[in-house]
Amino acid sequence: MKESSLADQILDTKDSRAIYRIAVDNGMKSLWERATELVREHQTSPAEVRRVLGMSMRI
C-alpha cells in the first residue's frame, strides 16, 4: 500500500464487503474483471475460468 491513509482505512474496517469496495474504489480489479481480460487476451479460456471460479462467463 502506497498510501498510509488507505491502509489505515482498510485496517479500521471490519466488514469484508466494505474492504472490497475500498480496494475497488482505489484501483483493484476484481477476480472476475481480470479473468475476463485474460480470456479476451487469449491467455486462458472461458472453460478454465468456469472451472476455477465456478461461474458462467459470457464474453
Side-chain angles (χ1 to χ4, degrees):
M1 303 243 136
K2 293 180 181 177
E3 297 180 34
S4 64
S5 63
L6 177 58
D8 291 340
Q9 188 178 6
I10 289 172
L11 290 172
D12 291 340
T13 303
K14 305 282 188 252
D15 178 32
S16 63
R17 284 183 231 157
I19 292 171
Y20 178 83
R21 177 54 38 211
I22 292 166
V24 169
D25 289 347
N26 284 278
M28 182 192 88
K29 290 184 182 179
S30 72
L31 191 55
W32 181 254
E33 288 174 302
R34 188 62 185 128
T36 302
E37 288 176 1
L38 290 171
V39 169
R40 287 187 179 136
E41 295 168 0
H42 303 284
Q43 300 280 329
T44 193
S45 68
E48 180 68 1
V49 171
R50 282 191 298 274
R51 184 187 74 78
V52 173
L53 299 182
M55 50 181 92
S56 63
M57 182 174 203
R58 293 185 184 129
I59 298 178

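No experiment lies behind these values; they were computed from the predicted model shown.
No donor-acceptor distance shorter than 3.5 angstrom exists from the side chain of Glu48 to the backbone of Ser45, with no hydrogens or angles considered.
In this structure, Arg40 does not pair ionically with Glu37, as no charged nitrogen and carboxylate oxygen lie closer than 4.0 Å.
Clustering ILVMFWY residues whenever any of their side-chain heavy atoms sit less than 4.5 angstrom apart, transitively, puts Val39 in the very cluster that holds Val52.
Taking every heavy atom of both residues into account, Ile22 and Ile10 meet most closely at CG2-CG1, 3.9 Å.
Taking CG from Asn26 and CZ from Arg21, the interatomic distance works out to 10.5 Å, rounded to the nearest 0.5 Å. To the nearest 0.5 Å, atom CZ of residue Arg51 and atom OG1 of residue Thr44 are 8.5 Å apart. Taking CG from Leu38 and CD from Glu33, the interatomic distance works out to 12.0 Å, rounded to the nearest 0.5 Å.
Between Asp15 and Tyr20 there is no side-chain heavy-atom pair separated by less than 4.5 Å.
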